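One structure is given below, encoded as structure tokens.
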Amino acid sequence: LGETVQILEKCEGKSFQDSLEAYFFKRVLMENLVNTIKGTFLQYETVVPLEDPIITEVTSTLQEWSVLWKQLYVKHKVDLFYKLRHVMNELIDLRRQLLSGHLTQDQVREVKRHITVRLDWGNEHLGLDLVPRKEFEMVDADQISVSDLYKMHLSSRHSVQQSTSQDGGRQRHGDSCRMPVPHHLFVNLKSFTYNTIGEDTDIFFSLYDLREGKQISEKFMVRLNKNGGPKNPEKVDRLCALFTDLSNKDMKRDLYIVSQVIRTGRMLLNDSKKGPPHIQYRRPYGCAVLAMSDVLQTISELKEEKDFVLKVYTDLNKIVTEMQSLWIITVVVKMKLSHISPNSSSCAGLIISLQLLRGDMEQVRRENPMIFNRGVAITRKLGFPDVIMPGDIRNDLYLTLERGDFERGGKSVQKNIEVTMYVLYADGEILKECISLGSGEHNISEYRSFVLYHNNSPRWSEVIKLPIPIDRFRGSHLRFEFRHCSTKDKGEKKLFGFAFTPLMREDGTTLSDESHELYVYKCDENTTFSNHALYLGLPCCKDDFNGCPNIPSSLIFQRSTKETLWISTQLSSTKLTQNVDLLALLKWKAHPDRVMDILGRLRHVCGEEIVKFLQDILDTLFSILDDNTDKYGPLVFQSLVFIINLLRDSKFYHFRPVMDTYIQKHFAGALAYKELIRCLKWYMDRSAEVVRQDHIQEAMRALEYLFKFIVQSRILYSRATCGMEEDQFRASIQELFQSIRFVLSLDSRSSETLIFTQAALLNSFPAIFDELLQMFTVQEVAEFVRGTLGSMPSTVHIGQSMDVVKLQSIARTVDSRLFSFPESRRILLPVVLHHIHLHLRQQKELLICSGILSSIFSIIKSSSLESSVQEEVEMMVESLLDVLLQTLLAIMSKSQSQEAVRGQRCPQCTAEITGEYVSCLLSLLRQMSDIHFQHLLDNFQSKEELKEFLLKIFCVFRNLMKLSIFPRDWNVMRLLTSNIIVSTTQYLSPALHKSFTDADFDFKVWNSYFSLAVLFINQPSLQLETLTPAKRKKVFDKYGDMRVMMAYELFSMWQNLGENKIHFIPGMIGPFLGVTLVPQNEVRNIMIPIFHDMMDWEQRKNGNFKQVEAELIDKLDSLVSEGKGDENYRELFSLLLLEKIEQETWRETGVSFVTSVTRLMERLLDYRDCMKGDETENKKIGCTVNLLNFYKSEINKEEMYIRYIHKLCDMHLQAENYTEAAFTLLLYWELLHWEERPLREFLHYPAQSEWHRKEGLCRKVIHYFNKGKCWEYGIPLCRELALQYESLYDYQSLSWIRKMEAAYYDNIMEQQRLEPEFFRVGFYGRKFPFFLRVSYCDIYTLCFQYQHKQLHGNINLLSMCLNGVIDAAVNGGIARYQEVSANSTKFDFEGLKRTLFLLADEFILL
């Protein structure tokens, strides 16, 4: 399933000869089950489908998983089995979605993300390789640098670790100025159920912060008719809103969704007498709340709407009568928290659905088109969001009708007060549709508050939005009219007072964002307000009264001193300001004498106001500069620096595009560049003199945008004058760069303020490159930058903090567009490498240096795909190769020493930083060609330098293979590393042969080379036999078998040694033997003849090859016991060496040695298989006996013989065969003598004299005989030990041993023991292991033994069988003989003999 089928030819139609089954296969199965895709096909090549690479990866991965998945069940890993099955089904479904081709680009991206998360999860849990990815697709290691590949491995590893804990994306680190992702809450009203309202209803939704006690969003308004349906029929199923721009901080607030229900009808719902039916009042009905904390987690995890029910609390009528609107909300919230149920007599409730969306509005619109097709009402936050986006033009005044205090007016009961509000223009005209009660409904021209029953101190707290046009804002005012709503039969609304407030003050600023106490003026029902000038001259509030204290008392409207109205306002406008200083700046021409003061006060204007009027402010500043450059130049420069630095704030960072747009399209200061360059140079030149340098540092931080203004100004001037004064401009830039170099060259060790100035300059410096490239050539800009970077002092003269800043500036230079040009890179690379070289030499700031080098290698690798980078690589080799090796050796040694001493690593010795530098070194070596290697080797002044270099690089390569630099599952990285190592070794081998052979032979270098080659071939990642067939083919097609490549290189170098080969005998026998045991026939064919070479050279020198023989046997035992070697190796070893030895003069001894080694190998393989298999203990013991006898009798290896004695003893002890263990140890005891010869430390024995070791063994043997109740054999040992103690006059030990001997005699007489019975068992036939077989001659000997034993009594011949191990033919044959002899009165020896001889002949055939 999922494999590619190549269709060579398609034939239409159906012949009559086709069977029904064939037709069904061709027409039904092929057309429905085979998904036709396009592909590329070249002759003699494989078909490659032109489908999305991730689909191909899913297909191949599922095929690989399917095999491992079944094995999980067999291994009883049931939990992982079911999890993997679920993930595989998900992958199949996701793959199907991609193949359908019906997804949008964003949906495809999301599906790919889910696929990669699941692929990486499965690979990790199954122990498969980590797949490095970029944009959800596997990367081609040949197309990127090794440094980039390393980073992608780290990134993929981090993604896998995150996906294990949570299935989601991750945010990148290091981008401190990235835009915070806003949240948007989608609210959809599905239904409103109630009992007996029977009137039109307005429902308002808003977000309320309980902790701060205020509303944070506009209201969403829904109008329903008396039947509960939308008042506007077009809004059926469209009663939804999107609360936008909620920040992360907002989501952490104690937020509630608050719903207020306002009915429109009678004064009292259940009292028809209170007011006539034709008079409509807005009356509060109820309130509902939903805590966001209860639902936030639910809606965050879902990608669809989730329904919630809000109970409407209507038992608050008594409070409502006293009414304070937001107080009610607080009361309802507290009731909700106290688990108080709503009124049981009312079933009023709201059913809403919620969905949380993330991203900017464009992204949300793009990803959720269905929501916006429903006519969703956009409901904004009160005020601006945390990030003010460019183009966000607003002019909204939010007015909160807070509360009022009114007189009773001689009535017995309190009034029912209704407030009517109008927005009026300067001419008295009522502005139409400038009042909004909430999003979702049209604007209105007249606002009427809800009425609180019998309440002279009403608290409304209603928020009203006033979207007044900009051109109508100046001169407009608000008028509030107060009416008493009578509940008598006439139901009159009697006007009794009014209040007003202008929207702008006389100084041009708008109404301030605060609470305002407005005066209430008396009037009656007959007042028409036709002449608005009659009241506009009156003070509207206390501040206004203080401004005009002499007010005549004969006016028409008299203020009611005991009545007041409180309102609060909040302006969200990008065009109007409440700041006097900002307004004065924008209108500077009205007060030219105050320009100096106005510019100085710009710093006190808040940032929100500045960014709202950014273009107007910049235009004003440059117009002031044009007016009088000499007088206002420095102040305009300071103001410009202040504004530029303001945009560095994260809150305003994304307003920088507005600045960029202004510079490119609206900036018109053609002469400004001269003053900007002059001021900037003046600041830099004074940096050595001024103590306080805050203003200089601010100018350095603003360097990027200052240069943008300078360059754009020069471009405008050049266009206007056809390029005049070009030389003067270039000279001024040259002088400016001289000042920059002067600042950086100053000694800052004694001045902390100067350090900050230099740091600010270095941080901003790389940002000006793109601007300079508009005016200068790439080479010219590169020369500017090289001179500046070259002016920085070396590491030894500055502090650590400046080291970091300097390297960060270099890093940004490398990452800049300037560095991507080959012509500039050749100019900049030497100075960049110089600084990195200095830091690496002193082992400082290694992490930053590795990042810079990674970027350089990435750029060079990308460039090498298009053009030659030979010159750049040559520079890097000369500057970096040696210091990189030195750094890596230092890091690795520190890492090992720290682990050995403390068990922990220092910060700069972690695996991450080691991996960074390893990837840098590998990147450099990979880019080097044979020309670079030749130049490198030719540049060494002496052989000592070459030797030092070779030792370093060989040591680093060995550490790469010995230390765990890359995790086990980074197979792509490991294979690429091996490929680079073998390629580098092939380049360096000729130099080693040429410089260090014959008279100049150097054992250390050659030994290092051979050790490297041996380690390389034995790498676990290169053992292709352990891989699955598909993975093995993939690796082999890409790299070949690198073990064979290195083996050929190793053999060639060995042959080049000549007579110096003797120096590596016997030292390299063990390592080379390990290489030959690698299960690769070609490697074995190459390497096994080296042993003949070693034997020959030792024979020439010593007349024998005892060293080769001893070392080979010792190493062979340990290597085979580790699991290496097989039967094929044994045969190949014997065949190749015997063929080589055949022509030698020492053929006889050679053949004998090879035969012995082959027989030893046969026994070692049997022993290993027996120990690893589920064999019986008797079989393991027999195998061990066979091997130790071979070591003693055939090859006389006493040390190995003793080792296996102890292994056999341990087996007996484990089986509690103490007597057998004692007899086994006696074999070693018999080899020792009662002498004082010192013995080295061996096995578990310490370094001691031979006498003491034999004494210890004797005591141990006696102890085992005692535990086995075989005291007869312990008594002679006691006697011998007693003789030794007596000769030494050790009477204490003598007393102890004599008592033990006496105790053994007592045990023999007093204790009962079972008499042991032993049987001899034989194994006949080639099916049995070698060490168990009975030879042909032994069968005939057995016949005579049975004849002798039969004469002295009967014996059961089936005792030869051991637990049914004997072959059925053997068992049956002896059983037949036993049956015959049992019926005979006379022992039939001849019959037994015939049977055994017959069986012997059959066994030989087996």
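From a predicted model like this one, the values you see are computed outputs, not experimental measurements. The figures here come from the full heavy-atom set of this structure, side chains too, leaving out hydrogens, waters and symmetry mates.
- The pair D360-R365 fails the salt-bridge criterion, with no side-chain N (NZ, NE, NH1 or NH2) lying under 4.0 Å from an Asp/Glu carboxylate O.
- A donor-acceptor contact shorter than 3.5 Å links the side chain of S854 to the backbone of S850.
- Atom CE of residue M802 and atom OG of residue S809 lie 9.0 Å apart, to the nearest 0.5 angstrom.
- Within the 3.5 Å criterion, the main-chain N or O of E698 finds a donor-acceptor partner in the side chain of N645.
- Considering all non-hydrogen atoms of both residues, L865 and Q143 come closest at CD1-OE1, 3.6 Å.
- The existence of a salt bridge linking R817 and D770 is confirmed by a sub-4.0 Å separation between a basic side-chain nitrogen and an acidic carboxylate oxygen.
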Exercise. Go through the steps for E367 and Q363 under the test side-chain hydrogen bond (donor to acceptor under 3.5 Å, both in side chains), then give the verdict.
Key: CA-CA 6 Å; E367 295 178 352; Q363 177 185 350; 3.1 Å; yes

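- Here the CG-OG distance, from L840 to S879, works out to 8.5 Å after rounding to the nearest 0.5 Å.
- Annotation for A782 and L828: closest pair O-CD2, 3.4 Å, computed over non-hydrogen atoms.
- Using cut-offs of 30° and 60° for the angle between ring planes, the Y662 and F667 rings count as tilted.
- Salt-bridge annotation for E675 and R678: present, with a side-chain N of the basic residue lying under 4.0 Å from a carboxylate O of the acidic one.
- A donor-acceptor distance shorter than 3.5 angstrom exists from the side chain of S816 to the backbone of T813, with no hydrogens or angles considered.
- Atom-to-atom distance recorded for T788:OG1 and Q738:CD is 10.5 Å, nearest 0.5 angstrom.
- At least one test fails for K681 against the ring of F737: distance under 6.0 Å to the centre or angle within 45° of the axis.
- Electrostatic pairing of E871 and R825 does not count as a salt bridge here, judged by no charged N lying under 4.0 Å from a carboxylate O.
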Quiz item: Taking it one step at a time, do Y673 and F709 satisfy ring-ring contact (aromatic ring centres under 6.0 Å, His included)?
Solution: CA-CA 7 Å; Y673 74 91; F709 279 112; over 10 Å; no

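- In this structure, E823 places its CD atom where more than 12 heavy-atom neighbours from other residues, nucleotides or ligands lie under 6.0 Å away.
- Checked for salt-bridge contact, R366 and E362 miss the test: no charged N lies under 4.0 Å from a carboxylate O.
- Within the 3.5 Å criterion, the main-chain N or O of S919 finds a donor-acceptor partner in the side chain of S923.
- Of the possible polar contacts, one joining the S824 side chain to the L818 backbone as a donor-acceptor pair under 3.5 Å is found.
- No donor-acceptor distance shorter than 3.5 angstrom exists from the side chain of H153 to the backbone of P132, with no hydrogens or angles considered.
- At a threshold of 4.0 Å, the pair R133-E57 counts as salt-bridged, since one of the basic side-chain nitrogens sits closer than that to a carboxylate oxygen.
- Smallest separation of non-hydrogen atoms from I144 and R926: O-NH1, 2.8 Å.
- For the pair T629 (side chain) and D626 (backbone), a donor-acceptor distance under 3.5 Å is absent.
- Other residues, nucleotides and ligands place no more than 12 heavy atoms under 6.0 Å from the CZ atom of R109.
- The minimum heavy-atom distance between S713 and A672, with the atom names listed, is OG-N, 3.3 Å.
- Looking only at distances, no side-chain donor or acceptor of S858 sits under 3.5 Å from a matching main-chain atom of S855.
- When atom types are taken as modelled, the side chain of Q927 and the backbone of K861 share no donor-acceptor pair closer than 3.5 angstrom.
- Rounding to the nearest 0.5 Å gives a distance of 6.0 Å between CD1 of I860 and CG of L829.
- Dense packing is recorded around CZ of F642, with more than 12 heavy atoms of other residues, nucleotides or ligands lying under 6.0 Å away.
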Practice problem: Let me see the working for F784 and F769 under ring-ring contact (aromatic ring centres under 6.0 Å, His included), right down to the final yes or no. | Solution: CA-CA 10 Å; F784 286 148; F769 300 162; over 10 Å; no

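- In plain terms, the two heavy atoms of E916 and K151 that are nearest each other are OE1-CE, 4.4 Å.
- The residue from L833, L884, I836 that alone fulfils the side-chain contact (heavy atoms from CB on, under 4.5 Å) condition with M876 is L833.
- Looking at K674 and E725, a side-chain N of the basic residue comes within less than 4.0 Å of a carboxylate O on the acidic one, giving a salt bridge.
- Not a single donor-acceptor pair under 3.5 Å links the side chain of K806 to the backbone N or O of L762.
- Under 4.0 Å is where a charged nitrogen must lie from a carboxylate oxygen, and between D148 and K134 no such pair does.
- The two residues Q693 and T753 have their closest heavy-atom pair at OE1-O, 3.9 Å.
- Considering only heavy atoms from C-beta on, C849 comes within 4.5 Å of L807 through its side chain.
- The structure places CD1 of I931 at 13.5 Å from CG of L936, a figure rounded to the nearest 0.5 Å.
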